[in-house]
Amino acid sequence: MNLPKTYEPGTYEKDIYALWESKGAFMAHPEKDAERFVISMPPPNETGTLSLGHAMYTLQDIMIRYARMQGKDALWLPGTDHAAIAVNAIIEKRLAEEGTNKHEVGREEFLRRTKEFVGNSRDTMLGQMRAMGFSADWSRLRYTLDDALNRCVNETFTKMYHDGLIYRGNRIVNWDPNLETTVSDDEVVRVEEKAQFYTFQYGPFQISTARPETKFGDKYVVMHPDDKRYAAYKQGDTFEAEWINGKVTATVIKDEAVDPNFGTGVMTITPWHDHTDYDIAERHGLGKQQIIDFQGKLLPIADEFSGMNITEARPKIVAKLKDKGLLVSIDDNYVHSIAVNDRGKGIIEPQIKLQWFVDVNKPAVDWKGKRQSFKEVMQDVIRNKDIRILPSRFEKTYFHWIDNLRDWCISRQIWWGHRIPVWYRKGADGQEETYVGVRPPENQGGTGQAWEQDPDTLDTWFSSALWTWSTLVDQDLAKDYSLSLEDLLQQSTDFQAYHPTSVMESGWDILFFWIARMILATTYMTGQVPFKTVYLHGMVRAEDGKKMSKSRPESVVNPLDVIAEYGTDALRMGLIMGVAPGMDQNWSKGRIEANRNFANKLWNIARFIEDKVGNDHDLKQAAKPESIADHWILTKIQQSVRKISQDLDNYRFSEAYDTLYHFVWDDFADWYIEASKTYINKGVLAYGLETILKLVHPFAPFVSEAIWQTLGWEKSTLLITSAWPQPLGSNTARTQEFEEIRTIVSEIRFISTSIKAQKPRLHHKGDALIAAQADLIKNLAGLSDVSQAGAGSGLHLTGTSHDCCLDLDAVTIQRFLQQLADKSEATKKSISQLESRLSSSSYVSKAPKELVDETRRQLQEAKELLSKQQAEYERFKQ
RNA sequence: GGGCGCUUAGCUCAGUUGGCUAGAGCAUCUCGUUUACACCGAGAGGGUCGGGGGUUCGAGUCCCUCAGCGCCCACCA
């Protein structure tokens, strides 16, 4: 035999993967005239290693392998993301560990180190993706910093700029003093914190704050216009107040943003360092003053506190105010949430800064013949079903996000990323000139002063937003800048063949970051949606249901460890089994083990068949059903193929897999193979195995291909590129007969277990089916004999219409009597249920006729069953 | 403050448009060394589907409500 006793994934996986790659099995073929199926792989961040979250890409691999086997031209385009801030944070951390920082090593050295790090990360990660069995087209591997992709970024920026959709302005932004960069609203997370909440006397008012260190420049008190307590004060009234560093003149402002029920209902504002305060100041045209610098230290306005960082200054400021008698109270149990950078975890200090923004409200996007804003386009494509999001409840989340969307800050003060394609220089009149373009400007002209490029880089998501199409641009043609972008897209074979893509499959956590922004940028740049269907999977959490987190190393499961222990297929199937779309799952070793066992089951099915059929079988020979088991298994195959295909077509992966698992194990292995030990049909066995391998392949590519290759039935073919199974016809009556045998065998097994009878005999009075299938029944039910006999005194089977009885003596049968009584009680119960249903005139008149007929039939059967059960019970009751 | 989700067997979870006796994996119990597999086989037990109300011939599934848990969004001074 070629197949060893147990499936050892480790000895096959690498070779199988290498075989696929060497045969070009993953390659897409745009030249072919075939239906396309395309998935852009969400490019993992080049930050080290892949996680179990990435193992969920298995869903994409399943779709791709299924499409490929259906004869479609399937493209799974892989890539990686330069992950600007995430990588930047890692490099800065490493520099800090070396006792240096980015300013000391300089931009060039910083980028050199970064490139070295991401290069290593990439190699590791690509290896991991291969280990997971991903059948991506590596010849089309892309990277968000590729030259062609950089061109697309610059093209997009430039077009948006000229359309007035990108602007530069002084606006309040989320500033991370640790990484010294701005971050977008979506990158800010809120963390609850217990803090001290101080109330101070401020002129005639009491004001409360958790951040006294920002209060130096405060010279406005704000209250709600309808707050009766402060009705005496009018907008614009001024007063003198003793404050931290002496007297200040403050002005009264009335604004509805103030909640009269919070604190004292009065607050002072710090527009430079707070979003709400900024908005109030904008509404009333108030001045703004910076208190904290970009490193998080107090500015000279703080006098003696100048140069201190916040944590140092805060208690000292409070102490000073207390000494001056201005501290009214301290609430120690105040809980509020502070803004933190999701990458690097630095505490956000809002700042006003000159930054680049994408305007999401300006109606300057051409879409479907109308001028719309980015917001409107993003809403339109979902509302009009150009793009469908699954599960559909995420559409609501999506709309809600858009409703709250503000202009997108896209400039970052970090070095790693796409440099902003904007250049400045002093013009002849001393004014600053700005140049925005896909390529750098010529240095000569004007005053002769050189153009200097904006030092900032773009938000990572700005380049990822172009992913579906920038990756399909012809990499060589992209070097030719005499081609417009439009021409470039027109002449790019891949773009023409593969865009829009078919499905975007990702975790729900990047719906806003990425998916929404791909919709924004792609509709704008290409006039196409980036994908037609979005399928969102859930997060893989730790076993205890909490998030896997590096801060709890024991909670983190490394997919490579799992693969080494259980095999890739077990991991893949374990992550799919019993998991609903969009729902998070808890890591479960039990599920992995169950699927390791399933892989081994497949292996042993193959071993059995190899043993019986031999390894020189020709699959081209049509399988001819002969026995009733043959007909039955062909019917099961037919049903399974149909159900699995339908479920895969409808993104019901878990259900498809469930059907497959039980078909293989319960139907094929437990019944058909067992039946084959009585009557063997090599053709159907071989066909059954072939079909199973094909159905299993998208889920468990390695074990299925390993079996296929080891058997070598189809010389020099690959399972991965074989055709999805076509079911054969079968005979319904014969299928039914096997079902009847299953009923009989199951009942005998139940009785045998109950009475612990060793190999009883089955008698019948010339029943044709039982006589014909005597050996089959005997073997399956573990009987010593099945034979025709006269009026037997044994125990009649009640579950079948075929008259037969187990040849047992009365004493033995006594042991079964209680079970028989229980059974007939259950039957009585179901009879009364069925009767009450049928006695309802509204059921009979309103329910579908088939259903009513079915109920009647069931009642009839139940009654027959009961009478048999009772007859047997009466016969042996003492 | 808005929005979303979850609550189904001891545990972790499935259950498309309402339909017949509610399923799986793991765990549990009883048997079993039959030449594919103990990573196995045969059999069994276990759930008033969170509580209450409603719509319907019929509700785990639809509606209302209450409770507990979780997540997301928002300018909590």
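Just so you know, these numbers use all the heavy atoms, side chains as well, and skip hydrogens, waters and symmetry mates. The sequence lines fix the lettering, A, B, ..., with proteins before strands; numbering per chain opens at 1.
Atom CZ in A:F653 sits about 14 Å away from atom P in B:G15, given to the nearest Å. In this structure, the CZ atom of A:R837 is 8 Å from the C1' atom of B:G58, given to the nearest Å. We find that CZ of A:F816 is positioned 11 Å from P of B:A44, with the value rounded to whole Å. As rounded to whole Å, 12 Å separates atom C1' of B:C37 from atom CH2 of A:W603. The nearest whole Å value for the distance from the CG atom in A:N650 to the P atom in B:U17 is 12 Å. If you take CD of A:Q585 and C1' of B:G5, they are 16 Å apart, rounded to a whole angstrom. Straight-line distance from the NZ atom of A:K823 to the P atom of B:G43: 11 Å, rounded to whole Å.
In terms of phosphate contacts, A:K756 brings no side-chain nitrogen or oxygen within less than 4.0 Å of OP1 or OP2 of B:A42. For the OP1/OP2 pair of B:C13 and a distance below 4.0 Å, the side-chain nitrogens and oxygens of A:N586 include at least one atom meeting the criterion.
Residues forming a ring-ring contact (aromatic ring centres under 6.0 Å, His included) with A:W708 (at least two apart in sequence, or on another chain): none. Checked against ring-ring contact (aromatic ring centres under 6.0 Å, His included), A:Y12 has the following partners two or more places apart in sequence or in another chain: A:Y7, A:W603. For A:Y230, the ring-ring contact (aromatic ring centres under 6.0 Å, His included) partners at least two apart in sequence or on another chain are A:F205.
The salt bridge (charged side-chain N to carboxylate O under 4.0 Å, His left out) contacts involving residues 257-282 of chain A comprise A:E282-A:K288, where partners must be two or more places apart or lie in separate chains. The salt bridge (charged side-chain N to carboxylate O under 4.0 Å, His left out) analysis of residues 742-759 of chain A, with sequence neighbours excluded, yields the pairs A:E739-A:R742. Within the structure, salt bridge (charged side-chain N to carboxylate O under 4.0 Å, His left out) contacts touching residues 834-848 of chain A (residues at least two apart or in different chains) are A:E835-A:K863.
Near-neighbour residues of RNA chain B inside residues 667-676 of chain A, defined by a heavy atom below 4.0 Å, number-ordered: A:A669, A:D670, A:I673, A:E674.
When each of A:E192 and A:E854 is assigned the nucleotide of RNA chain B with its nearest heavy atom, A:E854 is the one assigned upstream, toward the 5' end. In terms of position along RNA chain B, the nucleotide closest to A:T6 lies nearer the 5' end than the nucleotide closest to the other residue of the pair A:T6 and A:S754.
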Show which side-chain atoms of residues 332-340 of chain A pair as donor or acceptor with protein atoms under 3.5 Å away, not counting sequence neighbours.
unit_1: A:D332; atom_1: OD1; unit_2: A:Q196; atom_2: NE2; d: 2.7
unit_1: A:N333; atom_1: OD1; unit_2: A:K194; atom_2: NZ; d: 3.3
unit_1: A:H336; atom_1: NE2; unit_2: A:E193; atom_2: OE1; d: 3.2

Contact letters for nucleotides 22-28 of chain B, in which S counts primed atoms plus P, OP1 and OP2 and B counts the base, heavy atoms under 4.0 Å: --SS---
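For the P atoms, the distance from B:G19 to B:G2 is 34 Å, rounded to whole Å.
Of the possible donor and acceptor atoms, one in the side chain of A:N604 sits under 3.5 Å from a partner among the backbone N and O of A:N600. Side chain of A:D569 to main chain of A:V703: a donor-acceptor pair is present (N/O by atom type, distance under 3.5 Å, no hydrogens or angles).
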Review item, nucleotides 69-74 of chain B N/O atoms under 3.5 Å of protein N/O:
unit_1: B:C73; atom_1: O2'; unit_2: A:N404; atom_2: ND2; d: 3.0

Which protein N or O atoms sit under 3.5 Å from an N or O of nucleotides 55-57 of chain B?
unit_1: B:C57; atom_1: OP1; unit_2: A:K846; atom_2: NZ; d: 2.1
unit_1: B:C57; atom_1: O4'; unit_2: A:S842; atom_2: OG; d: 3.2

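In this structure, the nucleotide among B:C20, B:C40, B:C39 sitting nearest to the side chain of A:W665 is B:C40. Of the candidate nucleotides B:C76, B:U21, B:C37, B:U21 has the atom lying nearest to any side-chain atom of A:Q833. Closest contact between the side chain of A:F262 and the listed nucleotides B:C20, B:U12, B:C76 involves B:C76.
The base of B:C39 sits within donor-acceptor range of the side chain of A:R596, with an N or O pair under 3.5 Å. For B:A36, its base sits under 3.5 Å from the side chain of A:K677 at one donor and acceptor pair at least. You won't find any donor-acceptor pair under 3.5 Å spanning the side chain of A:K396 and the base of B:C4, going by distance alone.
In this structure, A:K823 satisfies the cation-pi test against A:F750, with its NZ or CZ atom closer than 6.0 Å to the six-membered ring centre and inside 45 degrees of the ring normal. For the pair A:R517 and A:W408, the distance from NZ or CZ to the six-membered ring centre is under 6.0 Å and the angle to the ring normal is within 45 degrees.
Counting only Watson-Crick or G-U wobble pairs whose defining distances are both under 3.5 Å, the stems of 3 or more consecutive pairs in RNA chain B are B:1-7 with B:67-73, B:10-13 with B:23-26, B:28-32 with B:40-44, B:50-54 with B:62-66.
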